[in-house]
Chemist: 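Pasting a structure below so you can have a look.
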Amino acid sequence: CKTCGEYIYKGKKFNARKETVQNEVYLGLPIFRFYIKCTRCLAEITFKTDPENTDYTMEHGATRNFQAEKLLEEEEKRMQKEREEEELNNPMKVLENRTKDSKLEMEVLENLQELKELNQRQANVDFEAMLKQYKEYEEEQKRKEQE
């Protein structure tokens with residue numbers, strides 16, 4: 001909130017007033033404007049839906065402090081574009097990237113296999129037998145105390 005500095009997280013539930021924005025449509029989807037009140041100072045905050053980026057855009061009363069997901073996506077796109085350009089110019093780079101990808105895939109498969117084995121080992125534990133054994137142990141302890 002620009003008025004009081006309150007941090008309002010994205011998943012916060014509000015009673016909001018909604019209106020359809022006139023003359024703004026994205027691929028046939030209407031764009032909505034929401035009016036909410038700050039939880040601390042009751043200042044009005046408005047934002048619009050942004051279906052192009054599957055997000056919201058702030059209009060008035062507040063600022064977005066950080067957009068990590070958006071930055072991550074942009075960085076990923078840039079890296080992919082650089083890689084494609086590099087592969088077009090250098091056939092050896094294509095080969096190197098393929099070997100890196102195959103190594104990565106092999107590592108992922110090995111890790112997956114390890115996890116499966118670990119889960120299988122844990123699945124073989126018989127909890128009923130353990131409880132029965134513990135009960136017998138407790139009964140034995142009680143008998144010793146009574147003696």
Side-chain angles (χ1 to χ4, degrees), residues 1-138 141-142:
C1 177
K2 285 183 180 176
T3 309
C4 65
E6 176 75 5
Y7 174 76
I8 304 169
Y9 61 94
K10 189 175 178 178
K12 178 82 173 156
K13 290 188 178 183
F14 283 98
N15 289 330
R17 197 170 78 241
K18 177 183 97 170
E19 73 177 25
T20 306
V21 179
Q22 299 296 320
N23 302 324
E24 283 191 45
V25 179
Y26 176 75
L27 298 177
L29 297 171
I31 294 177
F32 298 106
R33 178 177 288 125
F34 295 96
Y35 298 91
I36 63 172
K37 299 253 185 224
C38 174
T39 54
R40 185 191 291 172
C41 68
L42 299 177
E44 190 171 67
I45 299 169
T46 61
F47 56 93
K48 293 192 304 187
T49 56
D50 184 12
E52 182 177 3
N53 299 316
T54 61
D55 202 14
Y56 299 99
T57 55
M58 292 304 306
E59 280 193 318
H60 174 68
T63 56
R64 307 263 324 238
N65 65 344
F66 190 69
Q67 296 173 340
E69 293 172 6
K70 197 176 225 181
L71 290 174
L72 189 65
E73 285 177 11
E74 288 174 1
E75 180 70 21
E76 204 171 278
K77 285 179 184 176
R78 187 183 62 77
M79 293 287 284
Q80 184 67 23
K81 193 174 181 180
E82 284 179 6
R83 182 176 174 174
E84 288 173 1
E85 287 176 3
E86 209 171 57
E87 286 179 354
L88 285 174
N89 297 334
N90 189 352
M92 285 302 287
K93 200 67 175 173
V94 174
L95 222 61
E96 287 176 14
N97 287 339
R98 281 186 192 161
T99 55
K100 282 181 187 176
D101 290 344
S102 63
K103 280 183 182 179
L104 183 65
E105 190 175 335
M106 292 293 284
E107 287 178 17
V108 168
L109 288 173
E110 287 174 6
N111 291 340
L112 183 63
Q113 189 64 33
E114 278 183 35
L115 286 173
K116 282 182 180 179
E117 289 173 5
L118 183 65
N119 283 340
Q120 220 166 26
R121 272 188 251 138
Q122 288 178 348
N124 291 337
V125 174
D126 187 12
F127 292 106
E128 294 299 322
M130 284 175 48
L131 290 173
K132 186 177 176 183
Q133 189 178 6
Y134 183 71
K135 243 182 191 176
E136 290 173 0
Y137 175 75
E138 276 187 333
Q141 291 292 343
K142 285 181 183 178

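Source: prediction; values computed, not measured.
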Chemist: What side-chain hydrogen bond (donor to acceptor under 3.5 Å, both in side chains) pairs are there with at least one residue in residues 108-117, not counting sequence neighbours?
Modeler: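 For residues 108-117, and leaving out neighbouring residues, there are no side-chain hydrogen bond (donor to acceptor under 3.5 Å, both in side chains) pairs at all.
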Chemist: Applying side chain to side chain donor-acceptor pair (under 3.5 Å), name anything that partners N90, two or more places apart in sequence or on another chain.
Modeler: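 Partners of N90 under the side chain to side chain donor-acceptor pair (under 3.5 Å) test: none.
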Chemist: Would you say the side chain of R17 lies within less than 4.5 Å of the side chain of E44, judging by non-hydrogen atoms?
Modeler: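 Contact flag for E44/R17 side chains = yes.
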Chemist: If you look at every heavy atom in T49 and I31, which pair is closest and at what distance?
Modeler: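 In terms of heavy atoms, the two residues are closest at O-CG2, 3.3 Å.
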Chemist: For a quick test of reading the model, state the closest non-hydrogen atom pair linking E6 to C38 and the distance between them.
Modeler: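 E6 and C38 have their closest heavy atoms at CB-SG, 3.9 Å.
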Chemist: List the atom pairs, with distances to 0.1 Å, where a side-chain N or O of residues 102-109 and a protein N or O form a donor-acceptor pair under 3.5 Å, not counting sequence neighbours.
Modeler:
from	atom 1	to	atom 2	distance (Å)
S102	OG	R98	O	3.3
S102	OG	T99	O	2.8

Chemist: Any side-chain hydrogen bond (donor to acceptor under 3.5 Å, both in side chains) involving residues 20-31? Give me the pairs, sequence neighbours left out, ordered by first then second residue.
Modeler: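 Every side-chain hydrogen bond (donor to acceptor under 3.5 Å, both in side chains) pair that includes a residue of residues 20-31, provided the two are not neighbours, is E24-K48.
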Chemist: Is E74 paired with K77 through a side-chain N to carboxylate O contact shorter than 4.0 Å?
Modeler: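 Salt bridge between K77 and E74, a charged N being under 4.0 Å from a carboxylate O: no.
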Chemist: Could you go through the side-chain contact (heavy atoms from CB on, under 4.5 Å) check for F32 and V21 one step at a time?
Modeler: CA-CA 5 Å; F32 298 106; V21 179; 5.9 Å; no
Chemist: Report the distance from atom CD1 of I45 to atom SG of C1, rounding to the nearest 0.5 Å.
Modeler: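 Output value for this atom pair is 4.5 Å.
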Chemist: Taking the side chain as every heavy atom from C-beta outward, state whether E75 and R78 have any pair of such atoms under 4.5 Å apart.
Modeler: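 The answer is yes; the side chains approach within 4.5 Å.
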Chemist: Before giving the answer on side-chain contact (heavy atoms from CB on, under 4.5 Å), spell out for K12 and I36 the whole-Å C-alpha distance, their side-chain angles and the decisive distance to 0.1 Å.
Modeler: CA-CA 11 Å; K12 178 82 173 156; I36 63 172; over 6 Å; no
Chemist: Look up atom CD in E59 and atom OH in Y35, then write down how far apart they are to the nearest 0.5 Å.
Modeler: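 These two atoms lie 7.0 Å from each other.
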Chemist: Is it the case that over 12 heavy atoms from other parts of the model lie below 6.0 angstrom from the CD atom of E136?
Modeler: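 More than 12 within 6.0 Å, yes.
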Chemist: Using the salt bridge (charged side-chain N to carboxylate O under 4.0 Å, His left out) criterion, which residues pair with K2? Sequence neighbours excluded.
Modeler: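 K2 satisfies salt bridge (charged side-chain N to carboxylate O under 4.0 Å, His left out) with no residue once adjacent residues are dropped.
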Chemist: So does E96 pair up with K93, basic N to acidic O under 4.0 Å?
Modeler: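 Counted as a salt bridge, because a side-chain N and a carboxylate O are separated by less than 4.0 Å.
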Chemist: Under the ring pair (Phe, Tyr, Trp, His ring centres under 6.0 Å) rule, collect the residues that match up with F34, sequence neighbours excluded.
Modeler: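 Listed in chain order: F47.
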Chemist: Run the salt-bridge test on D101 and R83 with the 4.0 Å N-O cut-off and return the result as yes or no.
Modeler: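 Result for this pair is yes, salt bridge flagged.
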Chemist: Could you verify whether a donor N or O on one side chain and an acceptor N or O on the other, from E138 and Y134, lie under 3.5 Å apart?
Modeler: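 On atom types as modelled, these side chains qualify, holding a pair under 3.5 Å.
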Chemist: Any chance you could measure T54, atom OG1, to E52, atom CD, to the nearest 0.5 Å?
Modeler: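 The CD atom of E52 is 10.0 Å from OG1 of T54, to the nearest 0.5 Å.
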